[in-house]
2 protein chains.
Amino acid sequence: MAHCYCILLRKASRRVTSLYDEALAPIGVNLAQFSLLRNIQRAEPISLTDLGHRTELDRSTVSRNVKVLEKMELVAMTNGQDQRESAVQLSDKGRQVLTDGAPLWDGVQTEIEAKLGNEASAQLTALLQAL
Amino acid sequence: MAHCYCILLRKASRRVTSLYDEALAPIGVNLAQFSLLRNIQRAEPISLTDLGHRTELDRSTVSRNVKVLEKMELVAMTNGQDQRESAVQLSDKGRQVLTDGAPLWDGVQTEIEAKLGNEASAQLTALLQAL
DNA sequence: CCATAATGCGTGTATATACACGTTAAGCAT
DNA sequence: ATGCTTAACGTGTATATACACGCATTATGG
């Protein structure tokens, strides 16, 4: 009988995440952190709730992941519109990490595309978005 | 410029995992646990190290995940060949969970195939295995 | 205006996951 | 046999992730 899509997805996810993690190691962040930084950059200052929507992550997950970035001094929390809302924005160090990480990230991306081929890469993108 | 394969993978992985988790909820296990039970079933009694190889998970991860299954009384630990080795095997309750879960799992699997279509499903499988 | 509902967050709890370390047990070479 | 190496495991530590609760703040209906 066929393989479980979910298990295949999870395995592929772990393997590929590991590739990106290794590539990003020199700049001291992993893929999840790098991606979160990029999402912050695209909309800063941004509330944790909005960041959760953008990343498709639970708010509490975002909250904790941001806390790690804060401890690493890559982002800073500021006050939002409300008294309840707190907004995240990049620090200079965070911006530097994004700059330094871009070519590393590109390298893995290119590597994957080379391995799969252009057509398959496009198929993969479409299929993953359809799920 | 394109989307990050890794992020797409991770998002898809979370979404699809959530589908299976919901479907399996009635039997009290999540997808990761159900899958681990299946892997145990295919080779029981099996050592934690071997189980790690089969599942492509770190041994320490397997160790901890098995511990949860043990607490749920779905598996039991026995002595392996060595004094060092400990082997895992299903309990009757664990076997029952696999039996009860099979149709639930099938349902999601079928649902995904219906959504993607047969051709795309096969493509997805091939692509994920190639990664 | 005030009571209630909705919003935004943090924290408790739990699982999943990996890496680094240390321990114990086997295997092997001299 | 003794000592070195390898194998199997557990645990400490850390991040990622989600759900349920509870608290504070804002919005809203009457």
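Protein chains get the first letters and strands the later ones, always in sequence-line order, with residue 1 at the start of each. Keep in mind that this is a model prediction, so the values were computed, not measured.
Ranking dA8(D), dA18(C), dT15(D) by closeness to the Arg64(B) side chain, first place goes to dA18(C). Considering only the side chain of Asn65(B), dA16(C) comes nearest among dA26(C), dA16(C), dA18(C).
Protein atom CG of Asp82(A) is 10 Å distant from nucleotide atom C1' of dA27(D), rounded to whole Å. Between the CE atom of Met72(A) and the P atom of dA14(D) there is a distance of 13 Å, rounded to whole Å. When rounded to the nearest whole Å, the span between NZ of Lys71(B) and C1' of dT15(C) equals 10 Å. When the P atom of dG8(C) is taken as reference, atom CG of Asn79(A) falls 15 Å away, rounded to whole Å.
Counting all heavy atoms, side chain and backbone alike, Val75(A) lies closest to Val66(A) at CG2-O, 4.0 Å.
A donor-acceptor pair under 3.5 Å is formed between the side chain of Ser91(A) and the backbone N or O of Glu73(A).
For residues 9-31 of chain A, proximity to DNA chain D is found at Asn30(A), defined as any non-hydrogen atom under 4.0 angstrom from a strand atom. The stretch residues 45-63 of chain B touches DNA chain D through Ser47(B), Leu48(B), Thr49(B), Arg59(B), Ser60(B), Ser63(B), each having a heavy atom within less than 4.0 Å of the strand.
In terms of phosphate contacts, Lys67(B) brings no side-chain nitrogen or oxygen within less than 4.0 Å of OP1 or OP2 of dT15(C). Between dA7(D) and Gln83(B), no contact under 4.0 Å exists linking OP1 or OP2 to a side-chain N or O.
A donor N or O paired with an acceptor N or O is not found under 3.5 Å between the base of dT24(C) and the side-chain atoms of Arg84(B).
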